[in-house]
Protein chains: 2
Amino acid sequence: MPRAGLDPETVVAAGAALADETGFAHLTMGSLAQRLGVRTPSLYKHVAGLEDLNRRIAALALSQAADAVGAAVQGYAGRDALAAAARAFRAFVVEHPGRYAATIGVEPSGPDDPAAAAGQRLLGAFTAVLRGYEIAESDVDHALRLLRSLCHGFATLQAADGFRWSADIDESFEWLIAFADRGLRAM
Amino acid sequence: MPRAGLDPETVVAAGAALADETGFAHLTMGSLAQRLGVRTPSLYKHVAGLEDLNRRIAALALSQAADAVGAAVQGYAGRDALAAAARAFRAFVVEHPGRYAATIGVEPSGPDDPAAAAGQRLLGAFTAVLRGYEIAESDVDHALRLLRSLCHGFATLQAADGFRWSADIDESFEWLIAFADRGLRAM
DNA sequence: CAGATTTGGCTAATGTAATTAGCCTAAAGC
DNA sequence: GCTTTAGGCTAATTACATTAGCCAAATCTG
């Protein structure tokens, strides 16, 4: 039997891709093994189990989201940075709904959890956006939570098809960006 | 063997309670049957299966959330109404994390889906809040989506323990309410 | 290069949970 | 009381996750 040449990175990447295609809820060890041309138990040589796989996919997603937001923000400040960050984040979630879903509900296992570190990086990208606004030191945490809630809420509701009524979604999102910008400016 | 006297409402209510206590992910047909003092297959006389149970729990949660928000808003307008609605919504999610989690990811099966109707009622409660602000007709949908994203995002992030860093969460939430009020007022 | 070791596949077996089939009796209606 | 229906039950099937233990391919070492 020839080796398939798998390693944890390959397995996690394939799992993330499969989750994006078929939905996070439908990601099983069996379906992932099949996609990789391997029998189910073989996956356990690379990940500790389904929960470990989920955690790793979440870490990958957060890391990629942080990269996307960080890159989008480069060279911008103030409203432009905010808009770029928000759009990049939403685009990421819309393009990778499965892996983003994996990030909901993961609680970091320990202080050295890669998912937690990736989450911090994502947070850092948003913190950079806030530097373009005149926000009191004591308000930065609140503003960060606000931005995160806003982006997360909109993205997940859209991903879950939670917006079913009239008006155009893209327009709503631009409206949301304008709203946040106005609010942050008027501190 | 004496009858247990179950009906769909009892089963769904017990399921919602169990989800709140042990987490939505741990809700199984088996654990629910045990709590009701009945064997697993008996539940199928009242609900069509796990997916149907989830959908019904989601409908219950949305309906209760709509009641809570609607009641909280009574007699208030403007900022007071906004604060009351937001606090009531968050309180509901914090007190009933399991059943609220059931609402994430349910897609309405048809036009007569009770979950969709309950969702509309919840939306209506927030729409009432917006009437206290001077918002152009064309912006109401956008503002509604904003409020929903904000509340949903904050509540789910908190429920998932997504806020792990410094500053006080209640304070952040009040800050968020003030932010939204300011933004809506300045239309 | 031969032999030893580690690595990454595999089959087989176990445990848990959802679901279906089919039985059997308590409750409700006549 | 007799019939019907509704709501329990046991038993069986299926789908997954997971573990145990085998075996060959890579890799390392002398």
Side-chain angles (χ1 to χ4, degrees), chain A residues 1-60 98-99 101-102 104-107 109 115, chain B residues 1-60 98-99 101-102 104-107 109 115:
Chain A
M1 53 191 100
R3 295 265 173 120
L6 301 181
D7 56 44
E9 286 67 38
T10 317
V11 171
V12 171
L18 190 54
D20 288 340
E21 289 169 30
T22 65
F24 179 63
H26 292 101
L27 177 65
T28 71
M29 296 297 277
S31 61
L32 179 54
Q34 188 167 36
R35 150 163 309 214
L36 289 167
V38 115
R39 299 312 187 103
T40 306
S42 304
L43 297 182
Y44 288 79
K45 298 285 180 172
H46 307 290
V47 296
L50 187 58
E51 190 183 317
D52 180 50
L53 175 66
N54 289 355
R55 186 187 307 284
R56 286 170 189 250
I57 290 176
L60 175 66
R99 69 189 69 186
I104 304 172
V106 282
E107 46 201 63
S109 53
Chain B
M1 53 192 98
R3 295 267 173 117
L6 301 181
D7 57 43
E9 286 68 36
T10 317
V11 171
V12 170
L18 190 53
D20 288 340
E21 289 169 29
T22 66
F24 179 64
H26 292 101
L27 177 65
T28 71
M29 296 296 277
S31 61
L32 179 53
Q34 187 167 37
R35 150 163 312 214
L36 290 167
V38 114
R39 300 310 187 107
T40 306
S42 303
L43 297 182
Y44 288 80
K45 298 287 180 170
H46 306 290
V47 296
L50 187 59
E51 190 183 318
D52 180 49
L53 176 66
N54 290 354
R55 185 186 307 284
R56 285 169 189 250
I57 291 176
L60 175 67
R99 68 190 69 187
I104 304 171
V106 281
E107 47 202 64
S109 54

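A, B, ... follow the sequence lines: proteins, then strands. Residue 1 opens every chain. Only heavy atoms go into these numbers, but all of them, side chains included; no hydrogens, no water, no symmetry mates.
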Sub-4.5 Å side-chain heavy-atom contact between I104(B) and I104(A): no

Is any side-chain heavy atom of L43(B) less than 4.5 Å from a side-chain heavy atom of L53(B)?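 When only atoms from C-beta onward are counted, L53(B) and L43(B) do not touch, as no gap falls below 4.5 Å.
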
Between dA17(C) atom P and L43(B) atom CG, what is the distance in whole Å? 14 Å

From CG of L36(A) over to P of dG9(C), roughly how many Å is that when rounded to an integer?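 Roughly 9 Å, once rounded to whole Å.
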
Enumerate all atom pairs, one protein N or O and one N or O from nucleotides 14-17 of chain D, separated by less than 3.5 Å.
residue, atom, partner, partner atom, Å
dA17(D), OP1, M29(A), N, 3.2
dA17(D), OP2, M29(A), N, 2.8
dA17(D), OP2, G30(A), N, 3.2

How long is the line joining CG of L6(A) and C1' of dA25(D), in whole Å? 14 Å

Quick one: which residue pairs count as a salt bridge (Lys or Arg N to Asp or Glu O under 4.0 Å) with a foot in residues 42-58 of chain A, not counting sequence neighbours?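 Residue pairs passing salt bridge (Lys or Arg N to Asp or Glu O under 4.0 Å), neighbours aside: E51(A)-R55(A), D52(A)-R56(A), R55(A)-D113(A).
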
K45(A) NZ - dT6(C) P separation (whole Å):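 That distance rounds to 13 Å.
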
Could you tell me how far apart H46(B) (NE2) and dA6(D) (P) are, to the nearest whole angstrom?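 Answer to the nearest Å: 12 Å.
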
Just to verify, what does A58(A) make a side chain to side chain contact (heavy atoms under 4.5 Å, CB included) with, not counting sequence neighbours?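 Per chain and number, A58(A) pairs via side chain to side chain contact (heavy atoms under 4.5 Å, CB included) with A102(A), T103(A), V106(A).
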
For DNA chain D, which residues of residues 16-24 of chain A approach it to below 4.0 angstrom with any heavy atom?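 Within residues 16-24 of chain A, no residue comes under 4.0 Å of DNA chain D.
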
Separation of atom CZ in R39(B) from atom P in dA12(D), rounded to whole Å: 15 Å

Check if the side chain of R3(A) and the base of dA25(D) share a donor-acceptor pair of N or O atoms closer than 3.5 Å.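 Answer is yes: a donor-acceptor pair is held.
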
How would you list, by chain and number, every residue that makes a side chain to side chain donor-acceptor pair (under 3.5 Å) with T28(B), sequence neighbours excluded?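 Residues passing side chain to side chain donor-acceptor pair (under 3.5 Å) with T28(B): S31(B).
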
Throw together a table of side-chain donor-acceptor distances under 3.5 angstrom for residues 7-22 of chain B, partners on residues two or more places apart or in other chains.
residue, atom, partner, partner atom, Å
D7(B), OD1, E9(B), N, 3.1
D7(B), OD1, T10(B), N, 2.9
D7(B), OD1, T10(B), OG1, 2.8
D20(B), OD1, G98(B), N, 3.0
D20(B), OD1, R99(B), N, 2.9
D20(B), OD2, H96(B), ND1, 3.0
D20(B), OD2, R99(B), NE, 2.8
D20(B), OD2, R99(B), NH2, 2.8
E21(B), OE1, R35(B), NH2, 2.6
E21(B), OE2, R35(B), NH1, 3.4
E21(B), OE2, R35(B), NH2, 3.4
T22(B), OG1, L18(B), O, 2.9

Spacing between E51(B) atom CD and dT19(C) atom C1', to the nearest angstrom: 13 Å

Locate the shortest heavy-atom distance separating A101(A) from F24(A); write the atom from each residue and the value. CB-CB, 3.8 Å

Applying side chain to side chain contact (heavy atoms under 4.5 Å, CB included), name anything that partners A4(A), two or more places apart in sequence or on another chain. L6(A), V38(A)

Within this structure, what is the CD-to-C1' distance between Q34(A) and dC10(C), rounded to whole angstrom? 17 Å

Mind listing the N/O atom pairs, protein and nucleotides 12-14 of chain C, below 3.5 Å?
none

